[in-house]
Amino acid sequence: MEYFSAVDVITTKRDDGALSDDAITWMLDAYVRGDVAEEQMSALLMAIFFNGLSTRELNTWTDRMIESGERLDLRGLSRPTVDKHSTGGVGDKISLILAPLVAACGAAVPQLSGRGLGHTGGTLDKLESIPGWRAFLSNDEIRDQLDTVGAVICAAGQGLAPVDRKLYSLRDVTATVASVPLISSSIMSKKIAEGTHALVLDVKVGRGAFIKTVEQARELATTMVRLGTDHGVATVAQLTNMNAPLGRAIGNALEVSESVEVLQGRGPSDVRELTLALARIMVELVGIDVDPATKLDDGSGYEVYQRMIRAQGGDPDAPLPVAPCREEVVSTKDGYVQSVDALDVGIAAWRLGAGRARKEDAVSAAAGVECLVREGDAITKGHPMFVLHADDEAHLQLGRDAIAHAVVVGERRVNAEALLLERITN
Ligand code: URA
């Protein structure tokens, strides 16, 4: 391999030039080895933030991230594999329902997930509220469970695209997270290394998402779909509305309970609608001719969920933790609910104890928010809008403050916004 100077690589991108494949490969490898300093990689990330990466550069950048670690080999399973990734929202418990449901349709779903940070919750944190459930599985255990149960939700091993962890920590402290090529390569390198054949991306847009406009979401989705397709992973993106929280439950155990309700054919209609929309894309991507609604309604999705939880040491029938401190928040006036702000509700759940500010913080299993009103509801003064759940009075107070302005009540009758926005295919 040719030797490059980090300063020359940074200069090229700073001046909006094109990086050669060898220069990208050298830079990332040298960064992993410790031969490129953190401040040099910071400068390159900032240059990419401003000047972007071409399709070729992004493919090479992503390849190198994948090759920085191991790849899970999911060939030879008895079912086709298909996964889902969400860019993160408030009350987004869809994975808990979707993975077993799509497995019940005949696919294998390898959901290698992460933990929550800030106001969006993490799938592993939610499942860890189930007594006995364990997030860490070996690669052999993942393969076995995919073959026998059809669905696994577990921690993404440290070996998948390890350079992403280093880059992500650096982006976090250098204001370079919000870059389409950097987000796309970060998400897609991990999903491609995971070995799935097909992938649906739920790209969330709105107040409770980190992407605020449809234009930005469209650009991110298009880039990720192209990256997946170029790497042999059949990829479709669905843009979805994240102005209001998804479903009624926000918080770890609360979201597990709501997921079980949906798997039992009950639960909020928006959660069911989004689950089925994503499930239909997933089965179509792998050529399975089954309507997922039939598997939700006949209980087979729920059966797979129970087997999936048991296979990882959890007891799906055990009572979930319940918060000792609970309090209703009521409306101070009559009218129609104009909006429920997903960001305010997400921050409230976080302050109540359901989320973490730093990676190493612990989360409360029982804390969170039950959201009792939706956009368009007619309410009167004193009508309960939320139930706050916390482990102690101090957290309850923080949640109370955060949620105080989450609902706007007005005189105008409004309709709920559409949940499903655009679909982006190759
Ligand atoms: N999620 C990721 O995994 N990476 C990003 O860069 C942003 C969100």
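The basis for the numbers below is simple: all heavy atoms, side chains too, and nothing from hydrogens, waters or symmetry mates. Numbering of ligands and ligand atoms starts at 1, following listing order.
- Using a 4.0 Å cut-off between a side-chain N of Lys or Arg and a carboxylate O of Asp or Glu, E370 and R248 do not qualify as a salt bridge.
- A salt bridge links D291 with R280: at least one charged nitrogen is closer than 4.0 Å to a carboxylate oxygen.
- Ring pair F4/W26 is tilted by interplanar angle, where 30° to 60° counts as tilted.
- Ligand-side atoms of ligand 1 in range of I187: 1 (N), 2 (C), 3 (O), 4 (N), range being under 4.0 angstrom from any heavy atom.
- Of the protein's heavy atoms, S186 OG, 2.6 Å lies nearest to atom 4 (N) of ligand 1.
- Using a 3.5 Å distance cut-off with no hydrogens or angles, the side chains of R351 and Q397 do not pair a donor with an acceptor.
- Under a cut-off of 6.0 angstrom, the local environment of CG in D289 is sparse, with at most 12 non-hydrogen atoms contributed by other residues, nucleotides or ligands.
- With ligand atoms numbered from 1 in the order given, ligand 1 contributes 2 (C), 3 (O) to contacts under 4.0 Å with heavy atoms of K190.
- For the ligand labelled ligand 1, residue I183 lies inside the 4.0 Å heavy-atom shell.
- Here's the thing with Y168: none of its N/O atoms is less than 3.5 angstrom from an N/O atom of ligand 1.
- The shortest N or O to N or O distance between D164 and ligand 1 is not below 3.5 Å.
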